[in-house]
Amino acid sequence: MAAAEKEEISVEDEAVDKNVFKDCSKIAFYRRQKQQLSKNSTYRALLNSVTTDKDSTRFQIINEATKVPLLAEVYGIERNIFRLKINEETPLKPRYEVPDVLTSKPSTVRLISCSGDTGSLILTDGKGDLKCHITANPFKIDLVSEKEVVMSINSLGQLYFEHLQIPPKQRTTKGNEESASINTSQENQEDLGLWEEKFENFVDVKANGPTSIGLDFSLHGFEHLYGIPQHAESHQLKNTGDGDAYRLYNLDVYGYKIHDKMGIYGSVPYLLAHKLGRTIGIFWLNASETLVEINTQPAVEYTLTQMGPAAAKQKVRSRTDVRWMSESGIIDVFLLTGPTPFDVFKQYSYLTGTQAMPPLFSLGYHQCRWNYEDEQDVKAVDEGFDEHDIPYDVIWLDIEHTEGKRYFTWDKKRFANPKRMQEMLRSKKRKLVVISDPHIKIDPDYSVYTKAKEQGFFVRNRDGSDFEGICWPGLSSYLDFTNSKVREWYSGLFAFPAYQGSTDILFIWNDMNEPSVFRGPELTLQKNAIHHGNWEHRELHNIYGFYQQMATAEGLLQRSKGKERPFVLSRSFFAGSQKYGAVWTGDNIADWSYLKISIPMLLTLSITGISFCGADVGGFIGNPDAELLVRWYQAGAYQPFFRGHATMNTKRREPWLFGEEYTQLIREVIRERYTLLPYLYSLFYHVHVASEPVMRPLWIEFPDELETFGVEDEYMLGSALLVHPVTEPKTTMVDVFLPRSNEIWYHSKTFAHWKGGCTVKIPVALNTIPVFQRGGSVVPIKTTVGKSTGWMTNSSFGLRVALSTKGSAVGELYLDDGHSFQYFHQNQFLHRRFSFCSSVLINSCADERGRYSSTCVVEQILFLGLKKEPSSVTTHSSDGKDQPVTFMYCAKTSTLKLEKLSLNIGYDWEVHIK
Ligand code: NOJ
């Protein structure tokens, strides 16, 4: 221990050889499932065992070889969701069921059993068109919609369930025979890793032996699948070959390889499938290591030669088979039946919660670096932004700000007076974010450590002692966030009196919470470490980081007595993490390929509920040249979480260090971000209340346009802006696909317009960001930009009204105090609707419940696509006052600009164009 303590811990400990991570061939449960399933063992449902209560329908299923009975439960859940649970009927001890992810017990709807012969059972919720058709032998479930089978479960017979067994040493001969589900002979032991699994120098001794589970789903007519973050991979999921499954296992992979299916920092075991006319989702609620195989059989046409010419050609529907495999736990799967992408989003958030409403400041620009050295440095960087007229909201402090990586402390030499520093930032209406990791330095003089130790709050070894592993501070123990008492206590550490030197402008960054354990197996906790309730780490690995973010957000909430919205960024995450804050894509590289892959990575997070996401602008590792940095800012400005960050041995790269030409470009785009904040904030309100992602792949906005299904180099921000970031060096032209032939798209700077349904070539210079406003939309903006969001509270609004082919447009604005929960408790918000139709723009109330008064006015309105010069423009206020408005019309660009207006944002008014 002493030796380890003296050792220097550096980034090298994190930046290890990629071979320390397993591929599928090194995962024993994968090998077991593959081997066993090749033997074609089948399950049979015992339909004479069916029982029904108000929540579920239950029946036994039994493996023909082992005869061990499993219990299947089918639930109908509100909003067209089905849930299937399969567990052992009488396990030797309880198996892990993931707690705390579902927001509450989902309301069930009684399933009615209708007809079905002796070999089958048909369940329906009585109202919908969906039926659950259960076949007894071999066991299979089909989800049927109007006679069309949407999805089949276990139709490939890949149901796999390793029942708990008595450890070999304790077995009597009889017991041994009974549990012979798998060949446990000595030779096989090694390869199958039943009770012990070796990897490199690590041995995983398994208290419960083999416990893995698996199941297949055939999605009929579906060829396009998405979801299951986090992978540095394309948005559309790829077919997996042998030994190449998508891995869901939260790991700290410094400079992760791209186009790879290995698991990185977070996991959401939820995928979506889409075809023309239907979107569905499969949410596999399991927190242990999980593998997903995907196999698409495209539609084929085949000829029936013996038949007459009319019937000669038949089309066989495409199908995608998805196979989930998890190391442990039970089968607990939710089938979200859509039918639209937005229905699926609502169904998923009904189960796991919606994106937390972020404080407004957190949508501004964040400036981070490992590390801002000291108070002086912070001050200089802060001033740099003002000197260069670049807005920003938050400066971040990485691990070096602490006393020897003891979180909740300050390095007294570097940050002698943290409150003074925060007061300086406060005076600029800016915030501070500091890091707080889950490992706690072993140090008898560090009160966080001693208090946690005393109370038994650390993850333990098998022998009951506290687990000790290495991370930034050297030897550390890891808080057991799965224990609600630990979370409660940890939340308390953020109280102002407890966290010395903290103020209410300080917010939190949870890093290394996969958790990262240097020199551990795959750089994480060993799977047989023990958590509260005596659960092995393997059962819940993927949810560890989720719990830290949950406890941190709760801590920030409590320190303000429930009044202020928290902001917590977490590197690790699980299904439902959206309730606690933001996530980012970890240690990317300053390379064009990483800029490019950040788009599909963020799109995937966005459709799996986690809207508040971003990638380190500039690339964390390495030094971007000025061109890459500019392009990255241009992409990041149109993504939900916008933070520049760099690792310690990189050159400084604050926006003004590359020469005025580049400073100007970065300034421009950060300012554009601030201009767009009213729109962005409104989108966050929408995802918060209605589960509509902020950043959207084209296919969800245009689900009936086949061409959009594979697009991942451009995306929609809300439903109004299409963004096509430039992700290649020296680009002079980009091909932008503009969807739907009956729509019209406007270039956001030149106002040139195109009819949709085609790919257009857009010339680009370094100052061009291909952003297009969709005809038919109104985008609210701010007309002046301040030093930070705090300086813009009272600044005026503008509206960008882009006319559809029919000459109309609609849009919304959501506004509140930007930081409290008054919007929720007191209805203190403004929600306005703008609609333009028959040459009249109307500002009306979109939600009568809201009452929030604002002195802000709409000062500017820009109409795009107005073909004729008006003869007059007048404003009409609700008190009956009419006023003529001076206007500028440009025939060349078909734009009409109204300026110097003074129309209160919160009042009803109209603008008439004649
Ligand atoms: C790893 C994180 O991914 C990175 O963003 C951070 O700067 C370092 N840890 C140091 O805390």
Side-chain angles (χ1 to χ4, degrees), residues 8-16 230 232 250-257 263-266 366-373 377-378 381 394-411 414-415 432-441 469-474 476 478 507-520 523-524 544-545 548-549 552 568-573 581-590 594 598 601 605 613-624 632 636 641-653:
E8 246 330 271
I9 307 298
S10 77
V11 71
E12 302 302 314
D13 284 279
E14 199 182 21
V16 290
Q230 187 175 35
N250 299 352
L251 293 173
D252 175 4
V253 191
Y254 182 88
Y256 47 81
K257 202 164 135 219
I264 55 176
Y265 315 100
H366 299 252
Q367 183 65 34
C368 187
R369 170 170 188 87
W370 181 12
N371 213 86
Y372 283 121
E373 297 297 334
D377 197 8
V378 168
V381 172
V394 193
I395 192 158
W396 291 51
L397 294 180
D398 209 317
I399 48 178
E400 315 298 331
H401 83 277
T402 60
E403 193 70 67
K405 283 70 170 193
R406 293 168 184 85
Y407 307 106
F408 303 98
T409 70
W410 302 86
D411 180 324
R414 295 157 175 260
F415 298 97
L432 178 70
V433 168
V434 301
I435 202 163
S436 196
D437 291 356
H439 50 259
I440 302 296
K441 185 178 174 68
I470 293 173
C471 209
W472 303 126
S476 308
Y478 287 70
F507 297 84
I508 298 295
W509 172 19
N510 292 153
D511 187 21
M512 313 298 276
N513 51 352
E514 296 70 30
S516 177
V517 180
F518 298 156
R519 304 172 210 176
L523 245 71
T524 191
Y544 181 87
Q548 188 193 15
Q549 194 183 18
T552 306
V568 184
L569 178 77
S570 176
R571 191 168 73 174
S572 190
F573 54 85
V583 309
W584 92 109
T585 60
D587 297 346
N588 58 1
I589 297 180
Y594 283 79
S598 69
M601 289 176 80
L605 283 165
C613 57
D616 284 347
V617 169
F620 176 67
I621 302 162
N623 296 301
W632 214 315
F641 175 61
F642 183 29
R643 181 184 76 156
H645 183 34
T647 189
M648 42 172 18
N649 52 13
T650 55
K651 294 188 199 134
R652 293 291 286 242
R653 55 164 98 138

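Remember, it's 1-based here, ligands and their atoms both numbered in the order they're listed. Computed over heavy atoms, backbone and side chain alike; hydrogens, waters and symmetry mates excluded.
Counting heavy atoms under 4.0 Å from ligand 1, residue Trp396 does not touch it at all. Under 4.0 Å from ligand 1, the heavy atoms of Trp584 that appear belong solely to its side chain. Under 4.0 angstrom from ligand 1, there are no non-hydrogen atoms of Tyr254. With a 4.0 Å cut-off on non-hydrogen atoms, Ile435 touches ligand 1 through its side chain and not its backbone.
Between Met648 and ligand 1 there is no heavy-atom distance shorter than 4.0 Å.
A distance-only check finds no donor-acceptor pair linking the side chain of Asp398 to the backbone of Asn371 [under 3.5 Å]. Looking only at distances, no side-chain donor or acceptor of Ser598 sits under 3.5 Å from a matching main-chain atom of Ala615. Arg571 places no side-chain N or O within donor-acceptor distance of the main-chain N or O of Trp509, the cut-off being under 3.5 Å.
When all heavy atoms of Trp396 and Cys368 are compared, the pair lying nearest together is CB-SG, 3.4 Å.
Scanning all protein heavy atoms for the shortest distance to atom 1 (C) of ligand 1 gives Asp511 OD2, 3.1 Å. Atom 3 (O) of ligand 1 has its closest protein heavy atom at Asp587 OD1, 2.4 Å. Summary of contacts: the protein heavy atom closest to atom 10 (C) of ligand 1 is Asp398 OD1, 3.2 Å.
Of all the atoms in ligand 1, the ones that sit under 4.0 Å from a non-hydrogen atom of His645 are 4 (C), 5 (O), 6 (C), 7 (O). Those atoms of ligand 1 with a heavy atom of Trp509 less than 4.0 angstrom away are 5 (O), 6 (C), 7 (O). The atoms of ligand 1 that sit less than 4.0 Å from any heavy atom of Met512 are 1 (C), 9 (N).
In this structure the side chain of Glu14 reaches within 4.5 angstrom of the side chain of Phe518, judged on heavy atoms.
Note: His439 and Tyr407 meet the aromatic proximity criterion, with ring centroids under 6.0 Å apart. When ring centroids are compared, His366 and Trp584 stay outside the 6.0 Å threshold.
By the 3.5 Å distance cut-off applied to N or O atoms, Arg571 is counted among the residues near ligand 1.
Judged by distance alone, the side chains of Ser570 and Asn513 do bring a donor and an acceptor atom under 3.5 Å apart.
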